[in-house]
Amino acid sequence: ELNETDIKAELEKAQKELEEAMKNLNTDKIRMEVEKALKEVDFEKIQKEVQESIAKIDLAKIQKEVAEAMKSVDMAAIQKEIQESLAKIDLTKMQAELQQELAKVDMDKMKEDLKKMKDIDLSKMEADMKKLQEEMKDMGPKLKKEMEKAHEELEKAKAEIKEYKAFVDGLDKDGLISKKEGYSLKHKDGELLINGKKASEQTYNKYRNFLEKHSKFSIEKTDDDFDIDMD
């Protein structure tokens with residue numbers, strides 16, 4: 001379990017690491033490297049190589065090889081159906097359509113999209129990092145305050161439980177209840193009921209300080225259950 005000193009040390013450590021990372025962030029170098037990489041991309045060469053590769057495809061040879069392969073199939077019906085399907089394929093048309101689709105590729109737009117990468121707002125990124133750094137500075141005091149509040153609530157709850165325990169132990173010691181056998185206690189409107197019966201004035205006066213502080217509550221203990229309502 002981390003205590004307040006440990007948490008503060010961890011926050012200071014994280015803050016120092018963030019400051020070091022910010023010092024090492026060379027935004028100008030990053031921008032120059034992106035611009036250099038974009039300049040080295042030869043879009044015209046890429047387009048030319050793709051067109052040359054398509055031109056080298058020997059569609060007639062492919063069709064012939066497929067037909068030869070089909071001859072070795074030992075099922076005449078299947079061979080006939082496939083050959084008929086191949087005859088219907090207009091390879092010349094297919095090649096023309098492929099070239100048309102390639103022509104539609106907007107290489108200039110692709111080039112512009114890549115150039116936009118160098119327009120990444122590195123200054124905004126740096127500002128966001130500084131903002132995060134400031135937020136981390138504020139986080140320490142806030143966390144400390146919340147921990148102090150939680151500690152106060154915990155101590156308050158522990159004190160409440162201790163008071164109720166002392167009250168029940170006192171009744172058990174007085175022989176008014178048996179913690180082993182079970183019991184029921186109810187306090188409301190200035191009246192204390194022990195196992196359903198009104199406590200004597202002497203008993204009430206003995207525990208008056210506790211009862212006046214806790215004006216309304218009910219406690220029930222059985223062999224397999226324990227219930228307490230402090231409302």
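- Between K156 and E153, no side-chain nitrogen of the basic residue sits less than 4.0 Å from a carboxylate oxygen of the acidic one, so the salt-bridge criterion is not met.
- For the pair H214 and F167, the minimum side-chain heavy-atom distance is 4.5 Å or more.
- In this structure the side chain of Y164 never reaches within 4.5 angstrom of the side chain of L185, judged on heavy atoms.
- In this structure, CD1 in I177 is found 5.5 Å from CG in D172, a value given to the nearest 0.5 Å.
- Side-chain atoms of Y183 and V168, non-hydrogen and from C-beta on, do get closer than 4.5 Å to each other.
- Among all heavy-atom pairs drawn from I194 and L176, the shortest one is CG2-O, 3.6 Å.
- Considering all non-hydrogen atoms of both residues, S184 and G196 come closest at OG-N, 3.9 Å.
- For the side-chain contact (heavy atoms from CB on, under 4.5 Å) with E160, the lone residue among E163, K162, K158 that qualifies is E163.
- The environment of K186 atom NZ is sparse: at most 12 non-hydrogen atoms of other residues, nucleotides or ligands sit within 6.0 angstrom.
- Scored by the side chain to side chain donor-acceptor pair (under 3.5 Å) test, K179 finds D169 as partners (sequence neighbours excluded).
- Across H187 and Y204, no two heavy atoms sit closer than the pair NE2-OH, 2.9 Å.
- Around the CD atom of E181, the shell of radius 6.0 Å holds no more than 12 heavy atoms that belong to other residues, nucleotides or ligands.
- The two residues L192 and L211 have their closest heavy-atom pair at CD2-CD1, 4.1 Å.
- Residue-environment remark: CD (E212) exceeds the threshold of 12 foreign heavy atoms within 6.0 Å.
- Linking ILVMFWY residues whenever their side-chain heavy atoms come closer than 4.5 Å, directly or via other members, leaves F210 and I161 in distinct clusters.
- Distance check: K221 NZ to I228 CD1 gives 13.0 Å after rounding to the nearest 0.5 Å.
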